[in-house]
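Working notes, structure below.
Fair warning: this is a prediction, and the values are worked out from it, not measured in the lab.
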Amino acid sequence: MARRFARRRVLAALPAAGFLAACRGAAAPVPQSPPAAAEPAETQHGALPTAAPPLPTPTPAPAPHPRGTDTRLLMPGTPHETALVIHHSGAAGPAAFVLGGVHGNEPGAWLAADDIAAWQPAAGTLLVLPRANVTAIAAFVRTFDDIGDLNRLYPGDPASPLAMERMAYHILEAAREFSVSLLLDLHESWAFYAELPGTGTGALGQTITVGPGPLQSAFGQQLADRMNPLVSRREQMIVRDGTRFGRPATPVPAGQPNRGRSSLSAGGHVPGLTPVLVEMGQLDQPLARRVELHRLAARSALELLGIL
């Protein structure tokens with residue numbers, strides 16, 4: 001039998017029965033100016049003037065996908081099969097990927113992602129994977145040792161014996177396919193960072209961490225500035241530096257175990273992508289409020305990108 005992996009405490013106030021009852025083509029090249037007419041006479045030195053080189057044709061921007069929704073199964077036919085929802089607005093714009101359910105005992109994240117999966121973008125493309133680790137969600141545990149911890153296994157490996165390492169691979173493959181600019185990974189921690197700073201991953205509640213990527217320098221603070229006027233003093237979001245979570249400088253030598261990294265390293269594996277990890281605190285914060293705060297974080301991030 002698989003051994004449960006539980007690093008953090010699960011809400012004691014969330015009875016299992018009550019919880020389960022509540023959950024359910026390319027653009028045309030830029031036209032070139034017509035070449036100047038050739039001079040009819042030679043210069044005084046007898047050499048004809050050299051024509052100016054043509055302007056380079058810019059790389060055309062990809063045409064937006066036709067408006068519509070597609071549901072794609074990741075790891076189909078396995079116990080880990082889960083649905084990726086892809087909404088195309090039909091209008092030009094960036095793509096964003098909202099990820100929930102990485103850990104099964106963080107219900108505010110995956111319940112919010114269930115709701116976000118129904119949102120329709122006004123521009124660009126919105127991808128939502130609400131329940132990335134369905135077996136852990138069903139058991140209401142963080143994860144299981146025999147499938148691995150998804151948030152420690154990026155960039156993933158399609159041949160890995162660990163199911164969540166294969167899932168990490170499929171997540172980043174979808175991000176590459178749709179040229180995703182933002183990976184918004186929703187999580188919950190036990191305690192609040194402001195109340196127990198520097199005490200580890202069990203006290204990261206109410207934080208925004210931005211990993212290496214094009215948006216890293218400003219996006220985290222912009223997101224906090226958008227959210228904080230709308231929440232209470234205790235719920236204020238704190239921006240943490242995610243610089244150190246980048247792609248490893250050197251690959252792991254062959255034959256040595258590769259522990260992998262969190263989603264905050266994804267910007268080093270998908271060109272143009274910036275990962276953002278948002279954590280809400282469980283301690284003395286009701287589940288319904290955490291779901292509401294995760295939705296606020298997602299909506300604020302998508303509005304900053306112009307997707308909503």
Side-chain angles (χ1 to χ4, degrees), residues 6-15 18-19 22-23 96 98-116 119 128 130 140 142 151 182-211 213 215-245 262-264 274-308:
R7 186 187 64 192
R8 303 187 203 152
R9 296 170 56 188
V10 178
L11 280 176
L14 192 61
F19 173 76
C23 297
V98 178
L99 180 61
V102 168
H103 297 134
N105 61 351
E106 298 174 8
W110 45 269
L111 289 174
D114 282 343
D115 294 339
I116 296 165
W119 294 359
V128 187
F140 199 59
R142 179 180 173 86
N151 208 38
L182 173 72
L183 175 64
L184 184 65
D185 193 359
L186 305 181
H187 285 262
E188 293 189 286
S189 187
W190 174 244
F192 282 46
Y193 183 79
E195 297 168 356
L196 295 170
T199 55
T201 57
L204 293 179
Q206 311 309 117
T207 62
I208 299 167
T209 308
V210 184
L215 301 176
Q216 187 179 40
S217 61
F219 192 83
Q221 193 58 55
Q222 290 172 347
L223 180 56
D225 291 345
R226 201 175 187 94
M227 293 180 65
N228 285 342
L230 305 176
V231 302
S232 71
R233 181 174 180 179
R234 185 174 187 247
E235 295 166 338
Q236 295 290 294
M237 302 301 296
I238 298 171
V239 180
R240 298 174 65 240
D241 179 17
T243 303
R244 67 186 181 90
F245 295 102
S262 78
S263 63
L264 288 169
T274 301
V276 177
L277 194 150
V278 173
E279 301 242 17
M280 300 303 167
Q282 294 178 336
L283 180 61
D284 297 327
Q285 183 155 248
L287 174 59
R289 181 56 176 166
R290 301 193 317 263
V291 172
E292 186 176 1
L293 290 171
H294 273 304
R295 288 196 303 248
L296 174 62
R299 182 167 295 280
S300 299
L302 297 174
E303 287 175 347
L304 281 170
L305 290 180
I307 291 176
L308 291 184

Problem set entry | Point-to-point distance, once rounded to the nearest 0.5 Å, from CG of L186 to CG of L99 |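 The CG atom of L186 sits 7.5 Å away from the CG atom of L99.
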Is any side-chain heavy atom of [X] closer than 4.5 Å to a side-chain heavy atom of [Y]?
X: V276; Y: L215; answer: no
X: R295; Y: D115; answer: yes
X: V128; Y: W119; answer: no
X: F219; Y: L305; answer: yes
X: L223; Y: V210; answer: no
X: L277; Y: S263; answer: yes

Exercise. Has the side chain of N228 got a donor or acceptor atom that lies under 3.5 Å from a matching backbone atom of Q236?
Worked result: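 Flag not set: sc N228 to bb Q236 has no pair under 3.5 Å.
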Problem set entry | Residue list, side-chain contact (heavy atoms from CB on, under 4.5 Å) with E235, at least two apart or on another chain | Q206, V231, S232, Q285, R289, L293
Could you pull out the closest heavy-atom pair between [X] and [Y], with the gap in Å?
X: A112; Y: H294; value: CB-CB, 3.4 Å
X: P229; Y: A224; value: CD-O, 4.4 Å
X: G281; Y: F192; value: CA-CE1, 3.6 Å
X: V239; Y: G220; value: CG2-O, 3.5 Å
X: P107; Y: Q282; value: CD-NE2, 4.1 Å
X: R240; Y: T209; value: NH1-OG1, 3.1 Å

Exercise. Are R290 and E106 ion-paired here, with the side-chain N under 4.0 Å from a carboxylate O?
Worked result: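 No, R290 and E106 are not salt-bridged.
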Exercise. Which of these passes side chain to side chain contact (heavy atoms under 4.5 Å, CB included) with S189: T207, L204, T201, L196?
Worked result: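 Looking at T207, L204, T201, L196, the match for S189 under the side chain to side chain contact (heavy atoms under 4.5 Å, CB included) is L204.
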For this session: Not counting sequence neighbours, list each pair that qualifies as a side chain to side chain donor-acceptor pair (under 3.5 Å) and has a residue in residues 297-308.
Result: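 Counting only pairs at least two positions apart or across chains, the side chain to side chain donor-acceptor pair (under 3.5 Å) contacts touching residues 297-308 are R226-E303.
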Exercise. Is there a side-chain contact (heavy atoms from CB on, under 4.5 Å) between I307 and L182 once you walk through the steps?
Worked result: CA-CA 11 Å; I307 291 176; L182 173 72; over 6 Å; no
